[in-house]
2 protein chains.
Amino acid sequence: MKSTINAKDVAKLAGVSQSSVSRVYFEGAKVSKKTRQKVLAAAEELGYRPNEFARSLITNRTKIIGLVMKGVQNPFYPQVLTQFTASFKKFGYSILFVHTNSDEIQTEDIETLLNYNVAGVVITDATMSLNVAESFRANQIPLVFFNRKLSRSNFYSVCCNNLSAGRAIAEYLIAKGSKDMAYISGNENTSTSQEREEGFSEVVTQHNLNFKKYSSDYTYEGGYKTTLAIMEEEALPSAFFVANDIMALGVMDALRKKEIQVPAQVKVIGFDNIGMSSWPAYELTTWEQPIEKMVEETVTYLLAEMIDYTGTAEAVEVDGVFVERKTT
Amino acid sequence: MKSTINAKDVAKLAGVSQSSVSRVYFEGAKVSKKTRQKVLAAAEELGYRPNEFARSLITNRTKIIGLVMKGVQNPFYPQVLTQFTASFKKFGYSILFVHTNSDEIQTEDIETLLNYNVAGVVITDATMSLNVAESFRANQIPLVFFNRKLSRSNFYSVCCNNLSAGRAIAEYLIAKGSKDMAYISGNENTSTSQEREEGFSEVVTQHNLNFKKYSSDYTYEGGYKTTLAIMEEEALPSAFFVANDIMALGVMDALRKKEIQVPAQVKVIGFDNIGMSSWPAYELTTWEQPIEKMVEETVTYLLAEMIDYTGTAEAVEVDGVFVERKTT
DNA sequence: CTGAAAGCGCTTACAG
DNA sequence: CTGAAAGCGCTTACAG
């Protein structure tokens, strides 16, 4: 059964004890230069590679981060995935990727994460029932909700400043002279859609104006269909605030189909600043989510918690940036 | 140090031996119904979960698949990632996600995969030097190149029928009356771009026609810039065959910017059939890559190799489908 | 700084 | 079918 080279083999060749071999590969352990050299030489010759499973078994910790994602269709998320992978890699952590279809992550989806005793977990774009989340706490596995807040929860979350972004966007549109605006929401049970709307609504109301709200689902098709439906049944507003970019592109394509001029007849503002927003076919005004900073916040927290678990709950918000293009 | 429940704890509570507990959780082992029930009841009460690391240590195998990806910017790849994750999940395998920036995967990128002794590896959209690939063979870890062929290699690869797709596209354009066509390539060192061009070229030559070739890079920006440059310096061809969809969208946006009518003045054909191709702003004619079937081929091969490693090399090709829309 | 030894939580021949 | 025991490849007190 034994097929691979182990520390014992290396020890024999190097003429040292197995413990010494182990110490060479264990960060923080003390070994003399001479021993280290002998071990490394022998290891090189034999092609030795420490067995991660034996390590994890004994240290009870891993260098694996569980990353749970939903809806990879939105180009925002591949970016997030890439950033996390790159960022964790710097610290020697690998990514166990879990994809879920449902808005609320199911127990079976995260069973794997517990089985592999991951060092930390990032949940993007999805929520999970509190008692599932609690099972991570019970195992002292730090957990971050990325781009989602759980209401009434005591878990750490990292988001963009959705509320003030919503406010800023309303201020901007009103300053541009819009009086009858509309909000096209994402999935209504998401904190992101709710907060963007809330901030928007607040400012609109302050100015004694109203806005219509249309419910959609964060997808291109959703934005497209919602807009077509609006055009069939009622007058267009002077501006759409759309809960994310990919939907906003659908909105624009629907308007284009009916030959409505943007921004002359209708203004459109999205959210995220995905790559496509700057494509000449769209040139979408939007609110940029600072992915890099958001990822950094998440990684920093997780690394700290891995060293000394506290289970602190906090709802971190990172400031985004308004990006003005040609749709407003 | 001992914080979690182990098989011994369960054994004690259930009044059986630790071996029996192990057998309940080890597929294929024989246990009586009575024992199983006692064990499961005790495990439930204690919240027992078998330690994957101890398992892997002893069996010398894992339920982890290494998935190496490059260029998640192209929406084709998130789809691939999702499919693989879903497909492997059915068989109890998890995905260790590795992202690489370079066309050729570096040793350090795959160090992790060897350290975790993954059960199998999928490399998408990238190549690796043969001696890096050989280190997987040395460890009897099955490996598939997905959507890439390695020339002169003896590794398994799964691709779309790029060559015949290129031919079919040339036939189609010629039948439509195109005489002066152009091919916009992806990164020239990729087998996919080469084969699509080769098939295309073959048929064009058979018809005693010529085509121009422009070199690009598989990105939206590449397609956009390449097309702008063409328009500045020379006459437009009557049709573009573009090596992938995301570039083709860039081509279309460049044409749109100069108010060139598609397909009236220029026809455009892409490759992949990504979601955006069907957007009203584009309605791109393209060649659909059968992701599902390609993933299935890959998974089937890997699962078989995990049971009985042979290291068979084969270049599997899965048939794609021509999708006609409004750009031709 | 180094080595011998215990032990992490499992699987798996081996007896019974 | 079940249990006692060996062993997977490491880390880590404990002596020296």
Side-chain angles (χ1 to χ4, degrees), chain A residues 1-40 42-43 46-64 92 114-119 139-140, chain B residues 1-40 42-43 46-64 92 114-119 139-140:
Chain A
M1 177 115 298
K2 173 174 173 316
S3 61
T4 41
I5 308 300
N6 61 25
K8 214 171 175 178
D9 301 328
V10 177
K12 196 175 290 174
L13 182 62
V16 300
S17 73
Q18 187 260 315
S19 325
S20 289
V21 176
S22 173
R23 288 189 182 101
V24 170
Y25 289 91
F26 187 74
E27 231 170 300
K30 295 180 190 298
V31 221
S32 70
K33 267 192 185 165
K34 204 175 256 177
T35 306
R36 179 182 302 274
Q37 280 173 353
K38 283 194 286 185
V39 167
L40 288 177
L46 297 174
Y48 172 68
R49 184 187 305 284
N51 182 313
E52 283 296 329
F53 295 101
R55 282 187 154 172
S56 294
L57 178 58
I58 207 142
T59 60
N60 201 23
R61 54 179 62 219
T62 63
K63 296 283 248 176
I64 304 179
L114 291 167
N115 285 347
Y116 282 107
N117 192 23
V118 292
N139 289 281
Q140 304 219 344
Chain B
M1 175 114 298
K2 173 174 172 316
S3 62
T4 40
I5 308 299
N6 61 25
K8 215 172 175 180
D9 301 326
V10 177
K12 195 176 289 175
L13 182 61
V16 300
S17 73
Q18 186 261 317
S19 325
S20 289
V21 175
S22 174
R23 289 190 181 103
V24 169
Y25 289 91
F26 187 75
E27 233 170 300
K30 294 180 190 298
V31 220
S32 70
K33 266 192 187 166
K34 205 176 257 178
T35 307
R36 180 181 300 274
Q37 280 172 353
K38 284 194 285 186
V39 167
L40 289 177
L46 297 174
Y48 171 69
R49 183 186 307 284
N51 183 313
E52 283 296 329
F53 296 101
R55 283 187 154 172
S56 294
L57 178 57
I58 207 142
T59 60
N60 201 24
R61 54 178 62 220
T62 63
K63 296 283 248 176
I64 304 180
L114 291 167
N115 285 346
Y116 282 107
N117 191 23
V118 292
N139 289 281
Q140 306 219 341

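Here is how names work: the chains are called A, B, and so on, in the same order as the sequence lines, proteins then strands, and each is numbered from 1.
Without hydrogens or angle criteria, Asn6(A) side chain to Asp9(A) main chain gives a donor-acceptor distance under 3.5 Å. Although no hydrogens or angles enter the test, the distance criterion places a donor-acceptor pair under 3.5 Å between the side chain of Thr62(B) and the main chain of Asn117(B).
Atom CD1 in Ile5(B) sits about 11 Å away from atom P in dC10(C), given to the nearest Å. Per the geometry, CZ belonging to Phe53(B) stands 13 Å off P belonging to dG9(C), to the nearest Å. Nucleotide dC1(C) holds its C1' atom 12 Å from the NZ atom of Lys38(A), rounded to whole Å. One can place CD of Gln37(A) at 12 Å from P of dT2(C), the figure rounded to the nearest angstrom. For the pair Gln18(B) CD and dC8(C) P, the computed distance is 12 Å after rounding to whole Å. When the P atom of dC8(D) is taken as reference, atom CG of Leu57(A) falls 14 Å away, rounded to whole Å. Atoms CG (Asn60(B)) and P (dC10(D)) sit 11 Å apart, rounded to a whole Å. Rounded to an integer number of Å, the gap from Asn115(B) CG to dG9(D) P is 15 Å.
Checking the phosphate oxygens (OP1, OP2) of dG3(D), a side-chain nitrogen or oxygen of Ser20(B) falls inside 4.0 Å. Listed pair Ser17(A) / dG3(C) meets the phosphate criterion, a side-chain N or O lying under 4.0 Å from OP1 or OP2. Contact between the side-chain N/O atoms of Arg55(B) and the OP1/OP2 oxygens of dT11(C) is found at a separation under 4.0 Å. Applying the 4.0 Å criterion to OP1 and OP2 of dT2(D), one finds that Ser32(B) has a side-chain N or O inside that range. Close to dT12(C), at under 4.0 Å from its OP1 or OP2, lies no side-chain N or O of Tyr25(B). Between Asn6(B) and dG9(C) there is a side-chain polar atom (N or O) within less than 4.0 angstrom of OP1 or OP2.
Annotation: of the two residues near DNA chain D, Arg23(A) and Glu52(A), the 5′-most nearest-nucleotide partner is Glu52(A). Across the interface with DNA chain D, nearest-nucleotide mapping of Thr35(B) and Val21(A) shows Thr35(B) to be the residue nearer the 5′ end.
Taking Thr35(A) as the reference, Ser32(A) meet the side chain to side chain donor-acceptor pair (under 3.5 Å) condition, with sequence neighbours excluded. Not counting sequence neighbours, Ser19(B) has no partner by the side chain to side chain donor-acceptor pair (under 3.5 Å) test.
A distance of 13.0 Å separates CG in Leu40(A) from NZ in Lys33(A), rounded to the nearest 0.5 Å.
Between Val39(A) and Tyr48(A), the closest side-chain pair of non-hydrogen atoms is not below 4.5 Å.
The side chain of Ala54(B) lies closest to dG9(C) when the candidates are dC10(D), dT12(C), dG9(C). The side chain of Ser19(B) sits closest to dA5(D) out of dA5(D), dT11(D), dC10(D). Listed nucleotides dT11(D), dG3(C), dC1(C) differ in distance to Lys30(A); the shortest reach to its side chain belongs to dC1(C).
Residue side chain Arg49(B) does not reach the base of dG9(C) through any donor-acceptor N/O pair under 3.5 Å, judged by distance alone.
Using the six-membered ring where Trp is involved, Phe53(B) and Phe53(A) have ring planes that are tilted, between 30° and 60° apart.
Using a 4.0 Å heavy-atom cutoff across all strands shown, Ser22(A) reaches at least one base atom of the nucleic acid.
Among the duplex regions that DNA chain C forms, those built from at least three successive Watson-Crick or G-U pairs under 3.5 Å are C:1-3 with D:14-16, C:5-12 with D:5-12, C:14-16 with D:1-3, ordered by first number.
What you find for Arg23(B) and Lys30(B) is that their closest heavy atoms are CD-O, 3.7 Å.
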